Undergrad: 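Before anything else, here's the structure in question.
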Amino acid sequence: MTPSALPLGDPAPADGILPAQAAVGAAGRKFSLYAHIPFCAVRCGYCDFNTYTATELGGGASQDAYAQTAVREVEFAARALAASGLPERKLSTVFFGGGTPTLLAPGDLTAILGAAVEHWGLEEGAEVTTEANPDSVTRESLQELARGGFTRVSFGMQSAVPHVLKVLDRTHSPERVPQAVEWAREAGLQVSLDLIYGTPGESMADWETSVRTALSYGPDHVSAYSLIVEEGTKLAAQIRRGQVPNIDDDDHAAKYELADALFQEAGLSWYEVSNWARTPDDACRHNLAYWRGDDWWGIGPGAHSHVGGVRWWNVKHPTAYANRLENGESPAAGRETLDGATRAMERIMLTSRLSEGLPLDTLGPAARKAVAGLIAGELVDPAKAFHGTLVLTLKGRLLGDAVTRALLD
């Protein structure tokens, strides 16, 4: 998903050529594609992502024309990477996020994927995922996606409790989720379910019901995210007016612990702070590419990309995005070239979220000394540290930025 607010940065060239740094060591890094589909049937009250309803846009930004515009960026990306001296690499993962990608016709999604495969190819066994709302798919649409090369679908279940879904402005009914999961299974797709905990008015019993219900559908993978109230959203306004209660960090922590225990009991193992998988092969390899600092090109309005320590982000509005590509120009609004200290901070922040951990021998002497203090403060699992990796414990997950800075100071 793509946030609505873009960061500041340096100007991005119209030809999309990357600095020489981007090509250094590229042959040893995985390469992925993210496709942002910015359309939703309705805007959920908690959502701060760069999304639009179908009636808000026209021209090359409309739903009907969007696939053609996205294919233009795929073609632009292939030219820019080649001209920047990047080696030819097949895609290891492709991820369609949004918005609701499955509001586009299956043929549009497979056309975008097909263009990417034409230009880069897919590694053997590549992971190709689309997000979907349970009420935005049919048995036939999922079968068409599977025939077109998709291997995985991630359903935005969020909750199994009607009053919680109502606060979140979700449009599907709880009964729709098992039907969508069954259709995905029939099509041969792996299934992931997304859950949100900490919604105003959600009791611990409500959350347990949602977790147990999700597990009853036998997913290969589950993501559970704490609700974050973003300024400017409908939910933030409702909380400010006292229409719904505010969120509570202690409530979030208790619900996280409950979910972790229930997932583990059901045979799903934690591999990243907010993600559990039935087997190591069921882990979301696309998201692992982000956390491990691999390369990816993000297509779509507001989408972010990263190649070899160079990061850039596209213009936010779909009309401006479509116009730039129509003129043969990069849709990038800005970019930054990360220095060594920034890359080190990001590696600590991201890799220590993984169960595999951050190798302690990659840290400097001062940071290794800081780990001892973090163990004493119960922010780090001493058993993991003893075996040479840094993995933050639950308390550390909630204080990840502070831990990262302690290691870098």
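Values in this document were obtained by computation on a predicted structure and should not be read as measured data.
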Undergrad: Going by the ring pair (Phe, Tyr, Trp, His ring centres under 6.0 Å) test, name the single residue among Trp276, Phe263, Tyr271 that passes it with His221.
TA: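 Among Trp276, Phe263, Tyr271, the one that satisfies the ring pair (Phe, Tyr, Trp, His ring centres under 6.0 Å) with His221 is Tyr271.
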Undergrad: Evaluate the criterion side chain to side chain donor-acceptor pair (under 3.5 Å) for residue pair Thr209 and Asp206; output intermediate values, then yes/no.
TA: CA-CA 5 Å; Thr209 294; Asp206 290 335; 5.7 Å; no
Undergrad: Can you check whether Gly198's main-chain N or O pairs, donor with acceptor, with Glu202's side chain at less than 3.5 Å?
TA: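 Here the side-chain-to-backbone pair exists.
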Undergrad: What pairs meet the side chain to side chain donor-acceptor pair (under 3.5 Å) rule with one or both residues in residues 103-128, with sequence neighbours excluded?
TA: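 Sorted pair list: Lys30-Glu123.
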Undergrad: Hey, mind stepping through Glu131 and Thr100 against side-chain contact (heavy atoms from CB on, under 4.5 Å) and telling me if it holds?
TA: CA-CA 7 Å; Glu131 293 181 330; Thr100 307; over 6 Å; no
Undergrad: Can any side-chain N or O of Tyr256 pair as donor or acceptor with the backbone N or O of Ser226 at less than 3.5 Å?
TA: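 Here the side-chain-to-backbone pair does not exist.
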Undergrad: Which of parallel (below 30°), tilted (30 to 60°) and perpendicular (above 60°) describes Tyr34 and His286?
TA: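 Ring orientation, 0 to 90° scale: tilted.
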Undergrad: Any side-chain heavy-atom pair from Leu18 and Leu81 closer than 4.5 angstrom?
TA: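 They are in side-chain contact.
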Undergrad: State whether the side chain of His306 and the backbone N or O of Asp294 hold a donor-acceptor pair below 3.5 Å, judged by distance alone.
TA: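 Such a contact is found between His306 side chain and Asp294 backbone.
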Undergrad: Give a yes or no on whether the ring-centroid distance for Tyr217 and Trp183 is below 6.0 angstrom.
TA: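 No; Trp183 has its ring centre 6.0 Å or more from that of Tyr217.
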Undergrad: Pair Lys90, Leu122 - check side-chain contact (heavy atoms from CB on, under 4.5 Å), show working.
TA: CA-CA 5 Å; Lys90 293 183 177 181; Leu122 290 174; 5.8 Å; no
Undergrad: So, for Pro219 and Ala214, which heavy atoms are closest and what is the spacing to 0.1 Å?
TA: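 Scanning both residues, the minimum pair turns out to be CD-O, 3.2 Å.
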Undergrad: Please list every donor-acceptor pair under 3.5 Å in which a side-chain atom of residues 70-80 meets a protein atom from a residue at least two apart or in another chain.
TA:
from  : atom 1 : to     : atom 2 : distance (Å)
Arg72 : NH1    : Glu326 : OE1    : 3.3
Arg72 : NH2    : Glu326 : OE1    : 3.2
Glu73 : OE1    : Gly300 : N      : 2.9
Glu73 : OE1    : Asn314 : ND2    : 3.4
Glu73 : OE1    : Tyr321 : OH     : 2.6
Glu73 : OE2    : Trp297 : NE1    : 3.0
Glu73 : OE2    : Asn314 : ND2    : 3.1

Undergrad: Check whether any side-chain heavy atom of Lys255 sits under 4.5 Å from a side-chain heavy atom of Ser210, and report yes or no.
TA: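 Side-chain contact under 4.5 Å: no.
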Undergrad: Restricting to salt bridge (Lys or Arg N to Asp or Glu O under 4.0 Å), what partner residues turn up for Glu272, sequence neighbours left out?
TA: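 Glu272 satisfies salt bridge (Lys or Arg N to Asp or Glu O under 4.0 Å) with Arg353 once adjacent residues are dropped.
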Undergrad: For residues Ala320 and Val315, report the shortest heavy-atom separation together with the two atoms involved.
TA: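 Heavy atoms of Ala320 and Val315 come nearest at C-CG2, 3.9 Å.
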Undergrad: If we only count heavy atoms from C-beta on, is the Thr130 to Thr102 side-chain gap below 4.5 Å?
TA: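 Yes. Closest side-chain heavy atoms under 4.5 Å.
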Undergrad: Taking the six-membered ring for Trp, are Trp296 and Tyr290 closer than 6.0 Å centroid to centroid?
TA: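 Ring centres of Tyr290 and Trp296 closer than 6.0 Å.
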Undergrad: Less than 4.5 Å apart, side chain to side chain, heavy atoms only: is that true for Pro162 and Pro174?
TA: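 When only atoms from C-beta onward are counted, Pro174 and Pro162 do touch, with a gap below 4.5 Å.
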Undergrad: So does Glu88 have more than 12 non-hydrogen atoms from other groups sitting under 6.0 Å from CD?
TA: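 Counting neighbours around CD of Glu88, 12 or fewer heavy atoms of other residues, nucleotides or ligands fall under 6.0 Å, so no.
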Undergrad: For Ala184, enumerate each residue passing the side-chain contact (heavy atoms from CB on, under 4.5 Å) test, keeping only those at least two apart in sequence or located in another chain.
TA: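 For Ala184 the side-chain contact (heavy atoms from CB on, under 4.5 Å) partners, ignoring immediate neighbours, are Leu142, Val153, Phe155, Leu189, Val191.
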Undergrad: Within this structure, what is the CG-CD distance for the pair Leu262 and Glu208, rounded to the nearest 0.5 Å?
TA: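 With rounding to 0.5 Å, CG (Leu262) is 5.5 Å from CD (Glu208).
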Undergrad: Among all residues two or more places apart in sequence or in another chain, which pass the side chain to side chain donor-acceptor pair (under 3.5 Å) test with Glu182?
TA: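 For Glu182, no residue satisfies side chain to side chain donor-acceptor pair (under 3.5 Å) once neighbours in sequence are set aside.
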Undergrad: Below 4.5 Å, heavy atoms only, C-beta onward: do Phe31 and Leu91 meet side chain to side chain?
TA: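 They are in side-chain contact.
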Undergrad: So among Leu145, Leu109, Ile299, which one has a side-chain contact (heavy atoms from CB on, under 4.5 Å) with Phe96?
TA: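 Going through the options one by one, the only one that passes is Leu109.
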Undergrad: Please name the pair of heavy atoms, one in His36 and one in Ala303, separated by the smallest distance, quoted to 0.1 Å.
TA: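 For His36 and Ala303, the tightest heavy-atom pair comes out as CB-CB, 4.3 Å.
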Undergrad: Taking only residues two or more places apart in sequence or in another chain, which ones pass side chain to side chain donor-acceptor pair (under 3.5 Å) with Arg311?
TA: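 Per chain and number, Arg311 pairs via side chain to side chain donor-acceptor pair (under 3.5 Å) with Glu336, Glu346.
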Undergrad: If I compare all heavy atoms of Pro134 with all of Gly156, which pair ends up nearest, and what's the gap?
TA: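 Result for this residue pair: CD-O, 3.6 Å.
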Undergrad: Output, in order, the C-alpha distance, side-chain angles, deciding distance and verdict of side-chain contact (heavy atoms from CB on, under 4.5 Å) for Arg185 and Asp220.
TA: CA-CA 11 Å; Arg185 293 288 190 206; Asp220 305 297; 2.8 Å; yes
Undergrad: What's the shortest heavy-atom distance between Ser84 and Gly16, and which atoms?
TA: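 Looking at all heavy atoms of both residues, the closest pair is OG-O, 4.2 Å.
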Undergrad: Quick one: do Arg176 and Asp135 make a salt bridge, cutoff under 4.0 Å?
TA: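 Salt bridge between Arg176 and Asp135, a charged N being under 4.0 Å from a carboxylate O: no.
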Undergrad: Determine the interplanar angle of the His252 and Tyr197 rings, folded into 0 to 90°, and report it as parallel if under 30°, tilted if 30 to 60°, perpendicular if over 60°.
TA: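 Plane angle over 60°, so perpendicular.
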Undergrad: Side chains of Ile196 and Val164, heavy atoms from C-beta outward: is any pair under 4.5 Å?
TA: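 When only atoms from C-beta onward are counted, Val164 and Ile196 do not touch, as no gap falls below 4.5 Å.
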Undergrad: To the nearest 0.5 angstrom, please state how far the CG atom of Leu86 sits from the CG atom of Asp295.
TA: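 That separation rounds to 7.0 Å.
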Undergrad: In terms of heavy-atom contacts, does CD of Gln68 have more than 12 from other residues, nucleotides or ligands at under 6.0 Å?
TA: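 No, because the 6.0 Å sphere around CD of Gln68 holds 12 heavy atoms or fewer from other groups.
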Undergrad: Start with the C-alpha distance between Val161 and Thr213, add both sets of side-chain angles, then the distance that settles side-chain contact (heavy atoms from CB on, under 4.5 Å), and finish with yes or no.
TA: CA-CA 10 Å; Val161 179; Thr213 301; over 6 Å; no
Undergrad: Quick one: CZ on Arg292 to OG1 on Thr351, what's the gap to the nearest 0.5 Å?
TA: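 Arg292 atom CZ to Thr351 atom OG1 measures 9.0 Å (nearest 0.5 Å).
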Undergrad: Donor-acceptor check, side chain of Gln158 to backbone of Leu165, threshold 3.5 angstrom: yes or no?
TA: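 No, Gln158 side chain to Leu165 backbone: no donor-acceptor pair under 3.5 Å.
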Undergrad: Out of curiosity, Leu268 CG to Leu215 CG, how far, rounded to the nearest 0.5 Å?
TA: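 So the gap between those two atoms works out to 6.5 Å.
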Undergrad: Do Arg152 and Val128 come within less than 4.5 Å of each other through their side chains, counting heavy atoms only?
TA: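 No, too far: nothing below the 4.5 Å cut-off.
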Undergrad: Roughly how far apart are Cys284 SG and Phe95 CZ, rounded to 0.5 Å?
TA: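 Rounded to the nearest 0.5 Å, the SG-CZ separation comes to 5.5 Å.
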Undergrad: Is a donor on one side and an acceptor on the other found under 3.5 Å between the side chain of Ser305 and the backbone of Gly298?
TA: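 Here the side-chain-to-backbone pair exists.
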Undergrad: Tell me the closest heavy-atom pair linking Arg335 and Val310, and the distance in Å.
TA: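 It is CD-CG1, 4.3 Å.
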Undergrad: For the side chain of Asp282 and the backbone of Thr279, is there at least one donor-acceptor N/O pair under 3.5 Å apart?
TA: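 Yes.
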Undergrad: Quick one: pull up CH2 in Trp291 and CG in Leu354 and give me the separation to the nearest 0.5 Å.
TA: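 So the gap between those two atoms works out to 7.0 Å.
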Undergrad: Flag the pair Val94 / Phe150 as yes when at least one side-chain heavy-atom distance between them is below 4.5 Å, and no otherwise.
TA: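 Heavy-atom side-chain distance check fails, nothing below 4.5 Å.
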